[in-house]
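To keep things clear, I will list the structure first and then write my remarks on it.
As the structure is a prediction and not an experimental result, all values here were calculated from the model. Sequential numbering from 1 along the given sequence is applied to the chain's residues.
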Amino acid sequence: MDRSRPHARRPLAVLLTATAVAAAGVTALTPDARAADADLARNGGFETGLDGWNCPAGATVTSPVHSGASALKATPAGSDNARCAQTVTVKPDSAYTLSGYVRGAYVYLGASGTGTTDVSTWTQSAPDWQKLTTTFRTGPSTTRVTIYTHGWYGTGAYHADDITLAGPGGETGQPPAPPTGLTASGATSTSVALSWSPAAGATSYAVYRDGARIRTVTGTSTTVTGLSPSTAYAFQVAALNDAGESARSATVTATTSAPDSGGGDSGLPEHALVGYLHASFANGSGYTRLADVPDSWDVIDLAFGEPTSVTSGDIRFERCPATECPGVESDAEFKAAIRAKQAAGKKVLISIGGQNGQVRLTTTAARDTFVSSVSRIIDEYGLDGLDIDFEGHSLSLDTGDTDFRNPKTPVIVNLISALKTLKAKYGDDFVLTMAPETFFVQLGHQFYGSGPWGGQDPRAGAYLPVIHALRDDLTLLHVQDYNSGPIMGLDGQYHSMGGADFHIAMTDMLLTGFPVAGDANRVFPPLRPDQVAIGMPATVNAGNGHVSPAEVVKTLNCLTRNTDCGSYRTHGTWPSLRGLMTWSINWDRFGGWEFQRTFDGYFG
């Protein structure tokens, strides 16, 4: 987000007046001069994705385009104008023309750091492609200028294409020498730490794994994550500057360690099928008796335990009455079915929350009540553990709580404390799972809480400190990859529900790790693949984002076998991915057990 300038949110009229005054003092280039100039903008047509551009809220699309095969689409938010920028090497005291084609409302094209007068031009409304052009002259010592395009806060997506900067090229010099001293250390089952000596003249470094470029960093160290256990990898590093890329360094190899079983496995099969059973209510899917749940389901989450009030912490589990759920079993039959499932090796959990069960542990008293009331439910029914399905406004971050590794917000701190207490009370066999929505997890890659300047949704990424604090106790995380808006993946592109691509990108983030709010110094570490299941709706009736069995298979093929991956390139292959979760067992029965059959057909 570009919030560095204090006038970033001034009224449009003020900005437009300033732009007009600035542009009036610039002398346009003559046609002859422009004809002799080079185009200095890198990837101005976005034909190679976002290469060369810094676009936190942008992605490339194939339609609409002005020319070529791709264009930029960027979506402003209430606190973000979707700025897309790149820095270009220029010549001091020289004239330049910046041009580009845009579509949308309130689209801007400009240049900053000119050394004279920064300029921009804009259009209030461009229903079709419209060319924007502005000119500037660099200062006597200016060698680098940033060109950019952006929209306006909350006004909808804009498109840009064929951006050019015409003018004399600056002195870029020579590419740096290759880095030396590359070493690999601290190998875990899924990561390797790399470090190297600085190369003179380098502004950044490209990191290669097995010959493929995987990331660019500005420092002289990085941790490569998302690796497979007990696997040898070869690494190289190249130095970068404006003149280009050096030759690669000498190769170092590192072998990851064997898988770490960690805590919380609790006897699950290698690949598990998880489902929610409507135990306290009825809906259009119909009531399903626990004894009638097929053996394919390895983890059965009883939905739902709910609080007596939002902040009480007092959780109650009321079974569905016969008037609402015809055919409901008695309490004795229900408890006997739990014991039968457990005897068959299945895990039966109480799920807390759901869409209507808002839980906010604002005080330590509410925390203690949560522990005691959940314990009573577990003990009464002899359950194997607990699923946390906090949705809506249950979790949000207080203003200024910006580090997921050290949370300050009471509802977060108290929940972590409560879950650790329950885990300690019931021991290593206690099954702890979580089912957050993408808004509370993967969205944290872009936005975390209310943000450094405030104004963001304080719920963004709010599950991350809970997951991180409990990662050694967590049996399964199955994010709800449904009822979700577009989410930016590790490829810098937005991914939307409806196909394998969304599930692949969202799961890759969990297994690779990601910078929180784009901060490379605050990286959410990857989870073990045996801790991750993919959440999907069982039928089109169960939730937005349902995908066909063929797309489910593509998802699993890509993540576990590195086949059928489509356009998204994962950062690893995880054959030990735990499995699938669905909402819900009832809806899958309603749909003829299609989801269950897909799982059984794939994992056997």
Side-chain angles (χ1 to χ4, degrees), residues 1-9 15 18-19 22-23 39-61 70-77 79-90 96-104 106-123 132-136 138-139 142-153 155 157-167 169-170 172 203-204 216-218 240-242 446-447 452-453 488 491-494 515 517-520:
M1 292 176 291
D2 180 20
R3 295 299 302 275
S4 59
R5 296 194 293 177
H7 61 272
R9 295 299 297 273
L15 285 174
T19 299
D39 177 14
L40 306 181
R42 176 179 172 183
N43 187 29
F46 301 95
E47 300 302 314
T48 56
L50 297 178
D51 180 43
W53 295 92
N54 180 18
C55 301
T60 55
V61 295
S70 300
L72 168 72
K73 179 181 179 181
T75 306
S79 58
D80 175 27
N81 63 10
R83 187 175 191 259
C84 188
Q86 72 168 263
T87 300
V88 180
T89 301
V90 294
Y96 293 85
T97 297
L98 174 64
S99 298
Y101 290 84
V102 300
R103 287 171 57 122
Y106 297 108
V107 192
Y108 293 75
L109 179 69
S112 61
T114 63
T116 54
T117 301
D118 291 349
V119 297
S120 68
T121 182
W122 69 290
T123 177
L132 298 179
T133 299
T134 186
T135 59
F136 62 90
T138 53
T142 301
T143 59
R144 294 168 68 83
V145 168
T146 298
I147 60 175
Y148 63 86
T149 183
H150 68 73
W152 196 249
Y153 303 90
T155 56
Y158 73 89
H159 295 79
D161 201 1
D162 296 333
I163 296 175
T164 63
L165 180 64
T172 58
T203 56
S204 60
T216 302
V217 298
T218 56
L240 307 172
N241 64 14
D242 290 338
Q446 274 188 286
F447 307 108
W453 301 284
M488 180 180 286
D491 57 353
Q493 309 295 310
Y494 280 94
D519 187 345

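- Within the 3.5 Å criterion, the main-chain N or O of Pro515 finds no donor-acceptor partner in the side chain of Asp519.
- Without hydrogens or angle criteria, Thr203 side chain to Leu240 main chain gives a donor-acceptor distance under 3.5 Å.
- For the pair His159 and Val107, the minimum side-chain heavy-atom distance is 4.5 Å or more.
- In this structure, the side chains of Trp53 and Ile163 come closer than 4.5 Å at one or more pairs of heavy atoms.
- In terms of heavy atoms, Gln493 sits closest to Thr60 at OE1-N, 3.0 Å.
- In terms of modelled atom types and a separation under 3.5 Å, the side chain of Thr149 and the main chain of Tyr108 share a donor-acceptor contact.
- Using modelled atom types, one finds no donor on one side chain facing an acceptor on the other under 3.5 Å when comparing Thr97 with Thr135.
- With hydrogens and angles disregarded, a donor-acceptor distance shorter than 3.5 Å links the side chain of Thr142 to the backbone of Thr114.
- A 4.5 Å side-chain heavy-atom check between Tyr96 and Thr138 finds at least one atom pair inside the cut-off.
- Ring pair Trp152/His150 is tilted by interplanar angle, where 30° to 60° counts as tilted.
- Using a 4.5 Å heavy-atom threshold, the side chains of Asp51 and Arg42 count as touching.
- In this structure, Leu165 and Gln86 have side chains that are not in contact, with every pair of non-hydrogen atoms separated by 4.5 Å or more.
- Looking only at side-chain heavy atoms (C-beta outward), Thr155 and Asn81 stay at 4.5 Å or farther from each other.
- Using a 4.5 Å cut-off on side-chain heavy atoms (C-beta onward), Phe46 and Lys73 make no contact.
- Minimum heavy-atom separation, Ile147 to Ala41: CD1-CB, 4.0 Å.
- Asn43 and Thr48 are linked by a side-chain donor-acceptor pair at a separation below 3.5 angstrom, with hydrogens and angles left out of the test.
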